[in-house]
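One is the number of the first residue; the rest follow in order along the sequence.
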Amino acid sequence: MHYQNVSVGKLIRRVSRFTVEVALDGVTTPVHMNNTGRNKEILIPGSLASVRHVANPNRKTHYDLLAVQRQNRWINIDSLAPNHVAKECLETGTLILPGLTLPYTVHPETTWRDSRLDFAGTAADGQPWFVETKGVTLANGSLAAFPDAPTTRALKHVHTLMMAQAEGYQAFLVFIVQLPDIQEMTIYRDRFPELVTAITNAKQAGVRVLAYDTVTGPDAITLGRKIAFDEQLPFTEIDLASL
């Protein structure tokens with residue numbers, strides 16, 4: 001996935017839940033941020049930040065925040081990116097769903113029961129499936145973790161995937177880590193212990209959990225390698241005092 005109309009500046013500060021300030025060519029510019037997580041280890045003043053210009057006269061801000069460079073790697077912070085990457089890779093067959101035969105039919109944003117899941121489809125042999133995708137921006141070294149803030153929405157999606165699995169669908173929970181050089185991923189138990197239990201139960205029920213890192217830059221994000229996932233691994237956030 002490549003972005004157009006991208007500029008790189010320096011992050012000044014987070015103003016509100018949806019707005020940061022970035023210095024572009026020396027001018028302090030308000031920038032929209034669609035990722036509402038805490039992101040405290042990413043939004044460090046003085047970091048390089050990439051933004052995309054949006055030509056919409058009705059918007060209060062004319063730029064979207066795409067990525068921030070931390071510790072020599074670009075962290076994509078666009079909450080829409082994981083679904084765009086997953087859609088492209090499911091359609092081309094580069095995101096392999098274990099146990100299913102290619103090619104897949106792919107239908108984005110499908111409502112099932114009382115949930116809206118990111119993707120539904122059918123394998124070549126007729127097996128129906130669901131995929132729910134979650135973006136991950138929290139990491140410490142080569143270990144990534146989800147979530148960076150409690151999310152009842154994710155918990156509901158895991159329960160929905162369990163119900164779908166019980167009714168004959170093959171259900172997948174796919175984590176896309178929005179930064180490179182990640183070796184494994186976990187669930188941040190201290191932040192949301194209920195999700196650890198739910199995912200463990202879902203795996204036992206047959207739901208497949210996959211995780212991938214990505215190749216990122218100021219103007220691009222593409223699917224990288226499949227990485228190990230273990231919801232029981234402990235996770236410690238970066239010490240902000242060391243940054």
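- Residue Lys203 qualifies as enclosed at atom NZ: its count of foreign heavy atoms under 6.0 Å is above 12.
- Between the side chains of Tyr3 and Asn76, a donor-acceptor pair is found at a separation under 3.5 Å.
- Side-chain contact, Asn34 with Ser79: a donor N or O sits under 3.5 Å from an acceptor N or O.
- The closest side-chain heavy-atom distance from Leu173 to Val158 is below 4.5 Å.
- Salt bridge Glu231/Arg189: absent, no basic N to carboxylate O contact under 4.0 Å.
- A donor-acceptor contact under 3.5 angstrom links the side chains of Ser47 and Arg70, judged on distance only.
- A donor and an acceptor atom, one from each side chain of Thr200 and Gln232, are located under 3.5 Å apart.
- Counting heavy atoms from C-beta outward, Phe235 and Tyr188 have side chains that approach closer than 4.5 Å.
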Before giving the answer on salt bridge (Lys or Arg N to Asp or Glu O under 4.0 Å), spell out for Arg14 and Glu21 the whole-Å C-alpha distance, their side-chain angles and the decisive distance to 0.1 Å. CA-CA 6 Å; Arg14 185 172 191 170; Glu21 288 180 343; over 6 Å; no
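- With hydrogens and angles left out, the side-chain atoms of His157 and Lys134 include a donor and acceptor closer than 3.5 Å.
- In Asp25, the CG atom is not crowded: 12 or fewer heavy atoms of neighbouring residues, nucleotides or ligands sit closer than 6.0 Å.
- Ring to ring, Phe119 and Phe130 are not that close: their centroids are 6.0 angstrom or more apart.
- Of the N and O atoms on the side chains of Thr216 and Thr214, not one donor lies less than 3.5 Å from an acceptor on the other residue.
- Salt-bridge formation is not detected for the pair Asp213/Arg73: no Lys NZ or Arg NE/NH1/NH2 atom is positioned less than 4.0 Å from an Asp or Glu carboxylate oxygen.
- Between Phe175 and Phe146, the angle of the ring planes lies from 30° to 60°, which puts this pair in the tilted group.
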From CA spacing to verdict: salt bridge (Lys or Arg N to Asp or Glu O under 4.0 Å), Arg38, Asp148: CA-CA 6 Å; Arg38 299 185 182 188; Asp148 80 336; over 6 Å; no
